[in-house]
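Encoded as C-alpha cells, the structure appears first; notes follow it.
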Amino acid sequence: MFGEHILHGGDYNPDQWLDHPEVLEEDVRLMKEANVNCVSLGIFAWAALEPEEGKYDFDWMERIIDRLGEDEIQVVLATPSGAMPHWLTQKYPEAMQVQADGKRNLPGKRHNFCYTSPVMRKKIHAIDSALSERFGRKKNVILWHLSNELGGNFADSSCHCELCQEAFRDWLKEKYGTLDNLNRAYWSSFWSHTYSDWSQLHSPAPHGETTMTALTLDWKRFVTHQMSEFTREEIAAVREHSDLPVTTNFMYFFKGLDYGKMRDDLDIISWDNYPFWHKTKDEVPAAVKAAANHNIMRSLKKQPFLLMESTPSSVSWREFNPVKRPGMHMLSSMQAVAHGSDSVQYFQWRKGRGAFEQFHGAVVGHKNGSNTRTFRQVTELGERLNRLSGLIDGTVNRPKAAVIFDWENWWALEDASGPRQDISYIDCILEHYQAMWEAGIDTDFINMDDSLEGYSFVTAPLNYMYKPGYAEKVRKFVEDGGIFATTYFSGIADDTDLCFTGHHPLADVLGIEQEEIDAPSEEFPNSFCYGDKTYAAGNLRELIHAAEGTEVVSVYEEDYVKGEPVVTAHSFGKGKAWYLAAAAGEDFLRVFYKDRLREAGLENALGAELPYGVTVTERVGDGGKEIVFVMNFRDETVKFPAAGSWTDAESGQKYGGTLEIGPFGCIVLKRD
Ligand code: GLA
Ligand code: ZN
C-alpha cells in the first residue's frame with residue numbers, strides 16, 4: 001500500500017519524554033534495531049501541541065518527524081481530537097459530552113467531546129489545519145490518522161446535550177418529512193406515544209424513553225451520521241494544505257458506530273486488534289474472533305487495510321492480562337497480514353512511567369532496553385515483514401463466500417423485546433463463521449447494502465432486519481445460481497422495526513413460512529437428525545412450514561413440534577436457499593457448512609481437510625500472484641496431507657503431499 005513496505009511500528013507518544021531528549025534519541029536507535037519503519041505520532045498530543053488556547057507549539061513535533069526521517073522512519077500523523085486539554089474543557093464545558101441521564105461529563109478520560117459542539121469543531125478545525133500546513137507535505141509523513149477510536153471510552157458513545165437533541169430532530173425532519181410519517185414508522189399510537197410536535201422527540205434515556213425501538217434505531221443512525229459529519233470536518237481541515245490519504249482507527253466489534261456508513265469518507269480502513277490470547281488453552285475462539293474482525297475491516301473497502309494497533313505483549317484492562325506466549329506474537333501478527341493487512345502496528349512503542357496505561361505492553365518496557373523477550377519477538381517479526389513486503393505487494397484476499405454482518409441488524413435484533421433477552425448477534429455470527437474458518441474458507445463480512453456479486457455462497461445468521469432492497473438482491477443472487485443460507489428469527493422486521501406481516505420477505509426463495517418462535521428452557525430439550533447424526537436443537541426454535549417443492553432435510557425429533565422442519569432446502573432459479581429453523585451448536589454447523597461450501601463449489605486453497613486449530617487464507621494479485629498463508633493456532637506441531645505441490649515463499653522449501661507446521665506457526669506458500 002505504501003510502496004514496497006509492510007508498515008511495522010506503532011503509536012509513538014514522545015510528548016511523554018520531551019524533557020528527556022536522550023530517551024528520544026535512544027528511541028530512534030531502538031526502532032532501527034527492531035525493524036520499525038513507521039510510527040503514529042501525536043494521537044493524544046493536543047496539550048503539548050497547543051499548550052494555551054491559540055498558541056501552537058509544533059517545534060518539538062517537527063524535530064521528531066525530521067529525526068525519524070533521517071533514519072527513514074515514516075510517520076502516520078494524528079489529529080489530536082482523541083483527548084481534550086484541560087484549558088479547553090475549563091473554558092468551554094459545553095464541548096464535553098452529556099450522558100443519556102442528562103448529566104454533563106466532567107473533564108477527563110478520552111473521547112469526551114460533543115461531536116455537534118460548534119466550539120469543539122472550530123478548535124479542532126483550527127489545529128488540524130495548522131498541523132496540515134506545517135507537516136502535511138513532509139516527505140516522511142504518509143497518512144492522516146484522524147482522532148483515535150471514535151466513540152470509545154464512555155459506556156454510551158453518544159452525546160445527549162441540547163445541541164445534539166436539536167440536531168437529532170433536524171435529522172428526523174429530513175428523514176421523515178412529516179410527523180405523520182414518523183408516527184407511522186414508529187408505531188407510536190401504541191401506549192399513546194404519538195408525537196404531535198417535533199420538539200417532543202428526545203434521545204433514548206434510562207429515565208425516559210427506552211421502549212420505542214425505532215427511535216433507538218434512529219438515534220444510533222443519527223450518532224453515526226453526526227460522528228461522520230465531525231470526521232468530515234476533520235478531513236476538510238487536514239486537506240487544506242495536504243493531499244495525503246486519511247484513516248481513523250476502528251475497534252473490535254464496536255456497536256456504537258456503523259462503520260459501513262463511515263467507510264466512504266476514509267481512504268484507508270485501519271483498526272485496533274486486541275484478542276484475548278491464552279484465555280484458555282484452546283486459542284481457536286480468539287483466533288476466529290480476530291479473523292472475523294480482520295475480514296470486516298477488509299470487506300469495508302475490499303482493499304488491504306492497516307492493523308493500526310495491537311499489543312506486542314499484554315493489554316492492561318482485562319480482568320487478567322496474559323502476555324503473549326512464545327510464538328503468539330509472530331502468529332497473531334501474521335494472521336493480520338494473512339487476512340489483508342499491509343501493516344503490523346502496536347500500542348505503544350515505549351511504556352509510559354505513569355497514568356492509565358503504565359502496565360500496557362509496549363515494544364520498549366520499563367527495564368532492560370532491547371534485552372527483552374518482547375523486543376526480540378518484535379524484531380524478529382520486523383525482519384519477516386521485510387522479507388514478505390515485496391511478495392504480498394498488490395495482493396488482497398478475494399473470497400467467494402460472504403457472511404452478512406450488518407450494524408443496523410445488530411442494533412435492532414438485540415434491542416427487540418423478543419423471544420430471549422440474551423440473544424447475541426456477535427456470538428451467533430462467530431459460531432457460524434467458525435465453521436468456515438475451520439474449513440479454511442476465506443470469507444468476506446458484508447452488510448445488507450453491499451453487492452452480492454462475485455460470491456458463490458452467502459450466509460445470513462440471525463438476519464432479523466431486512467433493509468429496503470435487500471430481499472430483491474438475495475432473490476437475484478439465488479436465481480443466478482448462488483447458494484444462500486439463513487436462520488430462525490430472520491426476515492422479521494423492516495428498517496424501522498415494523499414486523500413484516502403475511503410472509504417472510506424471501507418466502508418464495510426459501511420455500512418456507514414461519515409460524516412461531518419458541519425460547520424453551522433447558523428442561524425442554526429437542527433434537528434433529530442431519531446426515532447420519534443427531535444434534536441438539538438450541539434455545540431458539542421456530543415452528544415453520546415447508547412449501548410444496550421444499551426439501552425437508554431435518555425435522556424435530558421430540559415434543560409438540562415432532563416431525564416439523566428444522567433444516568430445509570429450496571431450489572430457486574439456478575441456485576438454492578437453505579433455512580435453519582433452530583439454533584444449533586458447533587458440531588452441527590461444522591457439518592452443515594462443509595456441505596454448503598461443497599455445494600457452492602468452494603474448497604480451501606490447499607484442497608485439504610484441516611486439523612482443528614489450523615486455517616488457510618489466500619491473497620491474490622494481478623498476473624496470477626497467489627500467496628497462501630497456513631496458520632496453526634495450536635501450541636504443538638501439526639502434520640496433514642495437502643493436495644498439490646507448494647514452495648515455502650520464504651525458505652524455498654518444497655512441500656509435496658504433506659504439510660508440517662510448528663507450534664503457533666504460520667507458513668507462507670506459493671503454488672508450484
Ligand atoms: C486502544 C487505544 C490506545 C490504547 C490501547 C490500549 O486501542 O487506541 O490508545 O489505549 O487501546 O490497549
Ligand atoms: Zn452534544
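Numbering of ligands and ligand atoms starts at 1, following listing order.
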Inset, instruction - Looking only at distances, please establish whether an N/O atom of ligand 1 is found under 3.5 Å from an N/O atom of E149. - result: yes

Looking only at atom types and distance, does a side-chain atom of [X] sit under 3.5 Å from a main-chain N or O of [Y], one as donor and one as acceptor?
X    : Y    : value
T615 : W437 : yes
S299 : F445 : yes
Q97  : C159 : no

Inset, instruction - State, with a plain yes or no, whether a side-chain heavy atom of H360 is found less than 4.5 Å away from one of K351. - result: no

Inset, instruction - Check whether any side-chain heavy atom of V246 sits under 4.5 Å from a side-chain heavy atom of I268, and report yes or no. - result: no

Legend entry - Min heavy-atom dist W317 to ligand 1 below 4.0 Å: yes

Inset, instruction - Decide whether the shortest distance between a heavy atom of V315 and an atom of ligand 1 is less than 4.0 Å. - result: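 Heavy atoms of V315 never come under 4.0 Å of ligand 1.
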
If you count the atoms of ligand 1 from 1 in the order shown, which ones are under 4.0 Å from a heavy atom of [X]?
X    : value
H360 : 6 (C), 12 (O)
N148 : 2 (C), 8 (O), 9 (O)
F44  : 9 (O)

Legend entry - Cation-pi check, R350 onto W17 ring (under 6.0 Å, within 45° of axis): yes

Could you see which bit of [X] sits under 4.0 Å from ligand 1, with heavy atoms only: side chain, backbone, both or neither?
X    : answer
D272 : side chain
R318 : neither
I43  : neither
M251 : neither
Q348 : neither

Can you pull out the closest protein heavy atom to [atom]? Residue, atom name and distance to 0.1 Å, please.
atom                   : answer
atom 4 (C) of ligand 1 : E357 OE2, 3.2 Å
atom 3 (C) of ligand 1 : E309 OE1, 3.2 Å
atom 9 (O) of ligand 1 : R110 NH1, 3.1 Å

Legend entry - Mutual orientation of the aromatic rings belonging to H329 and Y346 [parallel < 30°, tilted 30-60°, perpendicular > 60°]: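 If you compare the ring of H329 with that of Y346, the planes turn out tilted.
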
Inset, instruction - Assign the ring pair F135 / F58 to parallel, tilted or perpendicular, where the plane angle (0 to 90°) is split at 30° and 60°. - result: tilted

Inset, instruction - Could you please spell out the steps behind the side-chain contact (heavy atoms from CB on, under 4.5 Å) verdict for L217 and D497? - result: CA-CA 8 Å; L217 257 176; D497 203 32; 4.2 Å; yes

Inset, instruction - Take the Zn ion (ligand 2) as the vertex and measure to SG of C159 and SG of C161; round to 10°. - result: 110°

Legend entry - Opening angle between SG in C114 and SG in C164, taken at the Zn ion (ligand 2), to 10 degrees: 100°

Inset, instruction - May I ask you to decide whether K123 forms a salt bridge with E233, counting only side-chain N to carboxylate O separations under 4.0 Å? - result: no

